[in-house]
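Notes to accompany the following structure.
Both backbone and side-chain heavy atoms feed into the values below; hydrogens, waters and symmetry mates do not. All residue numbers refer to positions in the sequence shown, counting from 1.
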Amino acid sequence: MAYNDILNELRSKLTDSSYEENSAMLRKEGEKFAKEGNADGLKAVSDLISEIMPEEQREEIKRLTHIDGIRLDEFYNRIVKLINEKKAVEAKPLAEKLYYKITEEFREGEKAKFVSLRNPFEDNLYQYLFKPEKTLTRAPFDFAAYITTYGYIMIETGSPLDAIPILEKAAEYNPVDVGPKFELAEVYKLIKNKNKLIELTKETIRVASSPVALARCYANMGYMCTDIRELDDAVAFYTASVMLAPNPAIPYEMRGVAQLKGTPIVQPTFEQIKKVFEKYGLEFGPDKDVISVAAQLSSDYMMKNDIDNALKSLKILYNLTRDEQIKDIILKYEPSAELTRPDGTPLEKGKPNITRTVNNNPEN
């Protein structure tokens with residue numbers, strides 16, 4: 001159902017009772033939309049609550065969610081536009097202003113904390129892994145992404161060390177988002193902090209829910225091993241990376257390793273790759289907890305006959321496991337599934353391919 005249809009349906013449920021009662025009804029509807037991951041539904045609830053609330057409360061909400069009369073998401077879009085125009089220096093003061101607005105108005109309290117969990121899978125994974133004791137309040141925008149962008153700008157403008165606490169703050173708003181972690185990994189690569197990069201890679205793998213994310217973790221390890229001249233280890237990590245998600249940058253990295261070695265690259269066996277992973281305290285493949293959460297969530301949605309959300313979890317599960325039985329279930333409900341390649345481009349229609357990130361020929 002589209003945004004306008006949802007808005008009209010919600011408006012028809014309003015009564016002549018008090019704001020508190022109507023607001024309670026709308027919040028209950030909002031919780032339902034949140035569980036479904038329905039962004040249009042959440043926006044309709046938010047807009048309608050704002051529409052019916054007393055002027056005093058509306059002004060307070062506006063104070064919290066606006067900067068200089070501009071809504072935070074629109075303010076963020078201005079920052080992104082400047083970055084896309086290669087104007088990181090001009091974007092920096094705006095990003096700093098947004099950062100302080102978020103961290104002041106939406107800071108963690110004694111009994112509650114704000115989180116920017118983007119979908120039911122992230123919500124369930126976060127609660128499963130971290131078992132938060134505080135009450136979780138859903139932030140109105142993706143603050144983890146907003147703050148990560150500020151960290152990126154700091155790196156781009158020559159202040160990588162200053163970016164570290166910023167990116168750590170971004171991760172606090174969404175500990176299962178790999179975005180802030182990957183940006184922080186770039187800092188540790190720049191300052192050549194091997195131990196921090198390994199530690200961060202382990203944390204990232206723990207929450208990585210796609211082959212692309214895992215592949216980037218392995219590529220980062222390959223970069224680090226090249227830097228410290230553990231060249232055979234670098235080859236193993238780069239090979240592991242392209243096994244999961246082909247990346248056009250990896251052949252160039254491998255070529256650089258070959259030049260440093262002075263000999264052609266010999267593709268390692270899978271057993272050799274696993275031994276290199278063990279050397280650094282890592283295991284090849286997704287974390288078992290991530291698989292467990294995706295499996296349980298898909299089962300729960302199937303029990304509720306919520307096929308749309310069940311399929312979302314099943315696709316996560318299949319991309320991580322390549323289990324043919326899971327593939328059959330997906331194609332049963334969505335026979336013409338059109339997924340995307342790792343670079344985001346759509347597959348040809350009529351050719352469903354759920355293994356969108358798996359490379360069966362890493363030697364290529």
Legend entry - Under-4.0 Å salt bridge between K304 and D300: no
Legend entry - Pair R206 + D289: basic N to acidic O under 4.0 Å: no
Inset, instruction - Considering non-hydrogen atoms only, spot the tightest contact between C217 and T204 and give its length. - result: SG-CG2, 3.5 Å
Legend entry - Backbone N/O of N119 and side chain of D123: donor-acceptor pair under 3.5 Å: no
Inset, instruction - Taking the side chain as every heavy atom from C-beta outward, state whether Q296 and N124 have any pair of such atoms under 4.5 Å apart. - result: no
Legend entry - Contact summary for T239 and P268, nearest pair of heavy atoms: OG1-CD, 3.6 Å
Legend entry - Salt bridge present between K81 and E85 (N-O < 4.0 angstrom): yes
Legend entry - P132 side chain near L136 side chain, heavy-atom distance below 4.5 Å: yes
Legend entry - Short N-O contact, E278 and K275, less than 4.0 angstrom: no
Legend entry - Electrostatic pair K202-E199, nearest N-O below 4.0 angstrom: no
Legend entry - Nearest heavy atoms of I265 and V235, plus distance in Å: CD1-CG2, 3.4 Å
Legend entry - Least distance between heavy atoms, T226 atom then A234 atom: OG1-CB, 3.4 Å
Inset, instruction - Show your reasoning for whether side chain to side chain donor-acceptor pair (under 3.5 Å) applies to Y280 and D233. - result: CA-CA 10 Å; Y280 294 90; D233 293 352; 2.7 Å; yes
Inset, instruction - Might you confirm whether atom OH of Y100 has over 12 heavy atoms from other residues, nucleotides or ligands at distances under 6.0 Å? - result: no
Inset, instruction - Evaluate the side-chain proximity of R78 to E74: yes if any heavy-atom separation is below 4.5 Å, no if none is. - result: no
Inset, instruction - Validate the cation-pi geometry between R107 and F114: distance from NZ or CZ to the six-membered ring centre under 6.0 Å, angle to the ring axis within 45°. - result: no
Legend entry - Main-chain N/O of A144 paired to T148 side chain as donor or acceptor, under 3.5 Å: yes
Legend entry - Closest approach of Q127 to R138 (non-hydrogen atoms, all atoms of both residues): NE2-NH2, 3.8 Å
Legend entry - Verdict with supporting geometry, E156 and K86, salt bridge (charged side-chain N to carboxylate O under 4.0 Å, His left out): CA-CA 10 Å; E156 287 294 297; K86 311 296 183 187; over 6 Å; no
Legend entry - E133 atom CD, over 12 foreign heavy atoms within 6.0 Å: no
Legend entry - Distance (rounded to the nearest 0.5 Å) between D142 CG and R118 CZ: 5.5 Å
Inset, instruction - Calculate, to the nearest 0.5 Å, the distance between atoms CD and NZ belonging to E186 and K181 respectively. - result: 15.0 Å
Inset, instruction - Using a cut-off of 6.0 Å, state whether more than 12 heavy atoms not belonging to K261 lie near its atom NZ. - result: yes
Legend entry - Close side-chain approach of P140 and L72, heavy atoms under 4.5 Å: no
Inset, instruction - First locate atom CG of D162, then atom CD1 of I153, and finally report the distance between them rounded to the nearest 0.5 Å. - result: 13.5 Å
Legend entry - Between NZ on residue K332 and CD1 on residue I307, distance to nearest 0.5 Å: 8.5 Å
Inset, instruction - Supply the atom-to-atom distance M254 CE to Q267 CD, rounded to the nearest 0.5 angstrom. - result: 7.5 Å
Legend entry - 4.5 Å side-chain heavy-atom contact, Y238 and C225: no
Legend entry - Enclosure of R11 CZ (heavy-atom neighbours >12, cutoff 6.0 Å): yes
Legend entry - K101 vs F75, side-chain contact (heavy atoms from CB on, under 4.5 Å): CA-CA, chis, key distance, verdict: CA-CA 11 Å; K101 177 71 174 182; F75 196 86; over 6 Å; no
Inset, instruction - Measure from the side-chain N and O atoms of K192 to the backbone N and O of K189, and report whether any donor-acceptor pair falls under 3.5 Å. - result: no
Inset, instruction - Determine whether F182 and R216 make a side-chain contact, defined as any pair of heavy atoms from C-beta on separated by less than 4.5 Å. - result: yes
Inset, instruction - Walk me through it: do K97 and D68 pass the test side-chain contact (heavy atoms from CB on, under 4.5 Å)? - result: CA-CA 10 Å; K97 196 169 188 177; D68 300 333; 2.7 Å; yes
Inset, instruction - Applying ring pair (Phe, Tyr, Trp, His ring centres under 6.0 Å) between Y218 and each of Y223, F237, F277, report the one that passes. - result: F277
Inset, instruction - Establish, for the pair K43 and Y3, whether the NZ or CZ atom is under 6.0 angstrom from the six-membered ring centre and no further than 45 degrees off its axis. - result: yes
Legend entry - Main-chain N/O of I155 paired to S159 side chain as donor or acceptor, under 3.5 Å: no
Legend entry - Same apolar cluster (I L V M F W Y, side chains within < 4.5 Å links), M154/V89: no
Legend entry - Closest approach of V187 to A163 (non-hydrogen atoms, all atoms of both residues): CG2-CB, 4.3 Å
Inset, instruction - Taking atom types as modelled, find out whether Y188 and N220 have a side-chain donor-acceptor pair closer than 3.5 angstrom. - result: no
Legend entry - Side-chain donor/acceptor of Q272 to backbone N/O of T269, under 3.5 Å: yes
Inset, instruction - Evaluate side-chain contact (heavy atoms from CB on, under 4.5 Å) for V115 paired with N174, printing each intermediate quantity in order. - result: CA-CA 6 Å; V115 289; N174 188 350; over 6 Å; no
Inset, instruction - Decide yes or no for Y99 and L94: does some side-chain heavy atom of the first lie under 4.5 Å from some side-chain heavy atom of the second? - result: no
Inset, instruction - Answer yes or no: is there a side-chain heavy-atom contact under 4.5 Å between L314 and M302? - result: yes
Inset, instruction - Would you mind checking if K288 and E283 are paired as a salt bridge, meaning a charged N to carboxylate O distance below 4.0 Å? - result: yes
Inset, instruction - Please round to the nearest 0.5 Å and tell me the distance separating atom CD1 of I83 and atom NZ of K92. - result: 12.5 Å
Legend entry - Among Y150, F141, Y146, Y76, the one residue meeting side chain to side chain contact (heavy atoms under 4.5 Å, CB included) with I102: Y146
Legend entry - Polar contact flag, side-chain donor to acceptor under 3.5 angstrom, N8-D5: no
Legend entry - V266 reachable from L231 in the ILVMFWY side-chain graph, under 4.5 Å edges: no
Inset, instruction - Test side-chain contact (heavy atoms from CB on, under 4.5 Å) on K134 and K111 and set out the steps. - result: CA-CA 5 Å; K134 293 184 178 182; K111 297 181 179 179; 5.7 Å; no
Legend entry - Atom OH of Y126 with >12 non-hydrogen neighbours under 6.0 angstrom: yes
